[in-house]
Amino acid sequence: QVGMTAFWGSIWAVLDGTGVLGNFAGDHGAWLLDETTRSQYSLQGLLYSGFFGGDESLRLVAIAAVWTGLITTAANRVGETTG
C-alpha cells in the first residue's frame with residue numbers, strides 16, 4: 001500500500017514537474033526543468049529557503065513539512081509497533 005502510494009506520487013511529480021499536465025496542478029508548468037522554481041518547489045529548496053534563506057513566508061511551510069515528515073511519521077511508527 002505504501003509502495004503504490006509512493007509510486008503514483010512519483011509519477012504525478014514527474015508529470016507535473018515536466019509540464020505534461022500543463023497548468024492543471026499549478027501556475028508553473030515545467031517547474032522541475034527550471035532552476036529558479038526547482039530550488040523553491042523541491043523539499044531541499046523549501047527547507048533551505050524557510051530556515052536559512054530568511055523567507056518568512058516559507059518558514060511556516062518548512063516547519064509544517066518537518067513536523068509532518070519526521071514527528072508525525074515517527075510517532076505513527078512507534079504507535080504501530082508498540083501498540
Side-chain angles (χ1 to χ4, degrees):
Q1 193 174 30
V2 173
M4 287 303 290
T5 303
F7 172 74
W8 290 113
S10 65
I11 296 295
W12 176 271
V14 168
L15 292 176
D16 179 42
T18 56
V20 174
L21 298 177
N23 287 338
F24 176 71
D27 296 348
H28 303 285
W31 61 267
L32 193 58
L33 304 176
D34 184 17
E35 181 63 34
T36 56
T37 55
R38 182 176 55 205
S39 67
Q40 290 183 345
Y41 279 39
S42 67
L43 182 61
Q44 296 88 351
L46 170 71
L47 295 177
Y48 181 76
S49 297
F51 290 126
F52 306 112
D55 190 352
E56 292 293 325
S57 64
L58 291 178
R59 183 159 306 187
L60 288 176
V61 177
I63 291 170
V66 169
W67 176 264
T68 302
L70 297 177
I71 306 302
T72 306
T73 305
N76 189 24
R77 174 76 173 160
V78 169
E80 288 178 351
T81 57
T82 61

field: Same apolar cluster: Trp12 and Val14, side chain cutoff 4.5 Å
entry: no
query: Would you say Leu15 and Met4 are hydrophobically clustered, going by side-chain heavy atoms of ILVMFWY under 4.5 Å?
result: yes
query: Is the side chain of Thr81 donor-acceptor paired with the backbone N or O of Val78 at a distance under 3.5 Å, no angle test?
result: yes
message: Restricting to non-hydrogen atoms, name the atom on Thr73 and the atom on Thr68 that form the minimum distance, rounded to 0.1 Å.
response: OG1-O, 3.1 Å
